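Have a look at the structure below, then the notes.
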Amino acid sequence: MGIFSDSFTSIWTRILDNKGKVTSTGGFLLGILLTLTFKDLYPDLEASYLRRLRQLRGKNIPYPPPGHPDFVHLEDHTKDKSHVIADKDDSRRTRDLDGGKIAVGIEGLIGNTPLIKLKFLSDATGCEILAKAELLNGAGNSPKDRVALSMIKLAEEEGLLVPDRGDTIYEGTVGSTGISLAAVCRARGYKAYICMPNDQAAEKSDLLLKLGATVERVKPASIVDQEQFVNLARRRAQEHTDDPDRPGRGFFADQFENTANYMAHQNTTGPEIYAQTNGRVDAFVAGAGTGGTISGVALALKPLMPDMQVILADPQGSGLYNKIKYGVMFSSTEAEGTRRRHQVDSIVEGIGINRVTQNFSAGMELIDDAVKVTDEQAMKMARWLVEKEGLFVGASSAVNCVAAAVTARSMGKGERVVTVLCDSGTRHLSKFWKEAGNIGDADVEYTLDDILGAQT
């Protein structure tokens, strides 16, 4: 006991001088002690974070229906001189002297995206086809902006992430989530480390590097392989946390299983669609990669509109179509002797998967049907959207629009179908759009029948 007391006294005299002030050596020693203490406490913080997610999982927010006094209508208040702020999160908005809204940082540019009518696609189907323009989110220009912000804020609330401490957020992604994380990380005082397959469009990794992220590209592999990009990101985060010589810690965002993903859409995307449509949607159509968008929107809207159909848009090679239609996860590319190099044998990036994630399972029972979309259909639709609508979108957006058109035709004239424009075609130039070709290179003008009848 005496030896311990002498050692403790010796350490304490190194930390404080005879006037009770912290010495330079003391500051260094305190830093080491605090770091080691934080590393020891981290498992408890992580357990608390997971408990919080389980508590929040599946809860619905009771949004008032049309006609209720509290029902929210989206209106243009840019000329309103009053100082009433409609945004509940005042930290993301401020107001200028004339009463207009000013977004605060890139976080103020996330959410509240417009819902637009696709005029030519609506005319061709006889239905009103509306698209949630998620490519206009202002951080990473995709719906993953909502997800990135949601995952980070919840981790901060649980003490897993602290700004400007040296923490790094690790993620396995095919592109969009990584881009959103890289932007939001910089704005909130973190670094981003992204693991991604090396067969994705090169412009995605180029953009990540420009945003200051570290990018590790690896060979495509099955989720059971420890070198698969998601598993690698998890391991890199743990290596960071375990290393006492590295500042801060590593946080594995885990977009596929982190249910803060679908809750972002349940709490924001779904309610926005409800308000923008005045509570009238006959069908919602979306693809699934992590499953967060389709599950979150379904959980938000189905309780309010039980007759609304939720339709999965699935690219070729993905197993989710069969899971919804027949209850069995199976793709023809998974059959013995036919397994292809890619997990999902498609040039479409961002949606399609051959396993059920936590985010997809959260809303899977609310999905009514599924539409399989071929690569050829997606490419023709992408070209058609440029030619007719002037919209230059990526592969997943094209898949969504094909499935929305199929759904509209099956429902009959006069129905309202809502889908999602996920991202711009600019991050799909070297792969999807390389195959789709230049619009001016061919004199062929597709009809919708040509697109929907296209087969591989």
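As the structure is a computational prediction, the values presented were derived from the model and not from experiment. Position 1 is the first residue of the sequence, and the numbers go up from there.
Although no hydrogens or angles enter the test, the distance criterion places a donor-acceptor pair under 3.5 Å between the side chain of T125 and the main chain of L121. No donor-acceptor pair under 3.5 Å is formed between the side chain of T357 and the backbone N or O of E257. Remark: the backbone N or O of V393 is not paired with any side-chain donor or acceptor of S424 at under 3.5 angstrom. Listed for the D167 side chain is a donor-acceptor partner under 3.5 Å among the backbone atoms of R249. Using a distance-only test at 3.5 Å, with no hydrogens or angles considered, no donor-acceptor pair links the side chain of K117 to the main chain of E128. Although no hydrogens or angles enter the test, the distance criterion places no donor-acceptor pair under 3.5 Å between the side chain of E134 and the main chain of S142. Of the possible polar contacts, one joining the R383 side chain to the N438 backbone as a donor-acceptor pair under 3.5 Å is found. The closest donor-acceptor contact from the side chain of E158 to the backbone of L160 lies at 3.5 Å or more, if one exists at all. Of the possible donor and acceptor atoms, none in the side chain of D145 sits under 3.5 Å from a partner among the backbone N and O of G111. With T447 contributing its side chain and D450 its backbone, the two residues share a donor-acceptor pair below 3.5 Å.
Considering all non-hydrogen atoms of both residues, H265 and V147 come closest at NE2-CG2, 3.5 Å. Scanning both residues, F251 and A155, for their nearest heavy atoms gives CZ-CB, 3.7 Å. The minimum heavy-atom distance between F432 and A398, with the atom names listed, is CZ-CB, 4.3 Å. The minimum heavy-atom distance linking I294 with A288 is given by the pair CG2-CB, 4.2 Å. Of all non-hydrogen atoms in E435 and I347, the two that sit nearest each other are CB-CD1, 4.0 Å. Taking every heavy atom of both residues into account, P114 and L136 meet most closely at CG-CD1, 3.6 Å.
There is a side-chain donor-acceptor pair under 3.5 Å between E203 and S430. T277 and R416 are not linked by any side-chain donor-acceptor pair at a separation below 3.5 angstrom, with hydrogens and angles left out of the test.
L366 places a side-chain heavy atom less than 4.5 Å from the side chain of L299. Two residues are said to be in side-chain contact when any heavy atoms from C-beta on lie closer than 4.5 Å; V215 and M196 meet this criterion. Taking 4.5 Å as the limit, every side-chain heavy atom of D314 sits out of range of all side-chain heavy atoms of I351. By the 4.5 Å heavy-atom criterion applied to side chains, V420 and V297 are not counted as neighbours. Between R427 and E349, every side-chain heavy-atom pair lies at or beyond the 4.5 Å cut-off. Between T374 and E376, the closest side-chain pair of non-hydrogen atoms falls below 4.5 Å. Within the 4.5 Å cutoff, the side chain of M308 has heavy atoms near those of the F284 side chain. Annotation: side chain of D369 is in contact with side chain of K325 (closest heavy-atom distance under 4.5 Å).
Here CG of L130 is found 9.0 Å from CD1 of I116. Values are rounded to the nearest 0.5 Å. Atom CD1 of I194 sits about 7.0 Å away from atom SG of C185, to the nearest 0.5 Å. Going from atom CG of L181 over to atom CD1 of I169 covers 6.0 Å, rounded to the nearest 0.5 Å. Y446 OH to M379 CE: the interatomic distance, rounded to the nearest 0.5 Å, is 8.5 Å. Separation of atoms CG (N354) and CG (L320) is listed at 7.5 Å; rounding is to 0.5 Å. Annotation: the span from Q266 atom CD to T268 atom OG1 amounts to 10.0 Å, rounded to 0.5 Å.
The one candidate from K210, R217, Q200, E216 that meets the side-chain hydrogen bond (donor to acceptor under 3.5 Å, both in side chains) condition with S205 is R217. For the side-chain hydrogen bond (donor to acceptor under 3.5 Å, both in side chains) criterion with T290, the lone passing option out of T177, N258, N261, N359 is N261. Paired with L118 under the rule side chain to side chain contact (heavy atoms under 4.5 Å, CB included), one option of D123, V417, L391 passes, and it is L391.
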* Checking side chain to side chain contact (heavy atoms under 4.5 Å, CB included) for the pair T113/N137: CA distance, chi angles, key distance, verdict? -> CA-CA 7 Å; T113 55; N137 278 300; 3.5 Å; yes
* Between R355 and I223, is a side chain to side chain contact (heavy atoms under 4.5 Å, CB included) present by the stated rule, with each step listed? -> CA-CA 9 Å; R355 69 181 192 274; I223 189 66; 3.9 Å; yes
* Please step through salt bridge (charged side-chain N to carboxylate O under 4.0 Å, His left out) for the pair E171 and K144, ending with a clear verdict. => CA-CA 13 Å; E171 183 60 293; K144 299 302 185 180; over 6 Å; no
* Audit row: K153, E156, salt bridge (charged side-chain N to carboxylate O under 4.0 Å, His left out) steps and yes/no -> CA-CA 5 Å; K153 289 180 76 171; E156 288 175 340; over 6 Å; no
* Asked: What's the verdict on side chain to side chain contact (heavy atoms under 4.5 Å, CB included) for F360 and I324, showing C-alpha distance, side-chain angles and the deciding distance?
  -> CA-CA 11 Å; F360 188 74; I324 296 301; 3.9 Å; yes
* To do: Please assess R235 against E227 for the test salt bridge (charged side-chain N to carboxylate O under 4.0 Å, His left out), listing each intermediate value before the final yes or no.
  => CA-CA 9 Å; R235 190 168 76 245; E227 297 304 312; 3.1 Å; yes
* **ring pair (Phe, Tyr, Trp, His ring centres under 6.0 Å) assessment of F392 paired with W433** => CA-CA 10 Å; F392 184 55; W433 271 101; 4.8 Å; yes
* Mind running side chain to side chain contact (heavy atoms under 4.5 Å, CB included) on V230 and F252 for me, showing each step along the way? => CA-CA 9 Å; V230 175; F252 176 48; 3.8 Å; yes
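No more than 12 heavy atoms of other residues, nucleotides or ligands lie within 6.0 Å of CD in E365, so this atom counts as exposed by the packing criterion.
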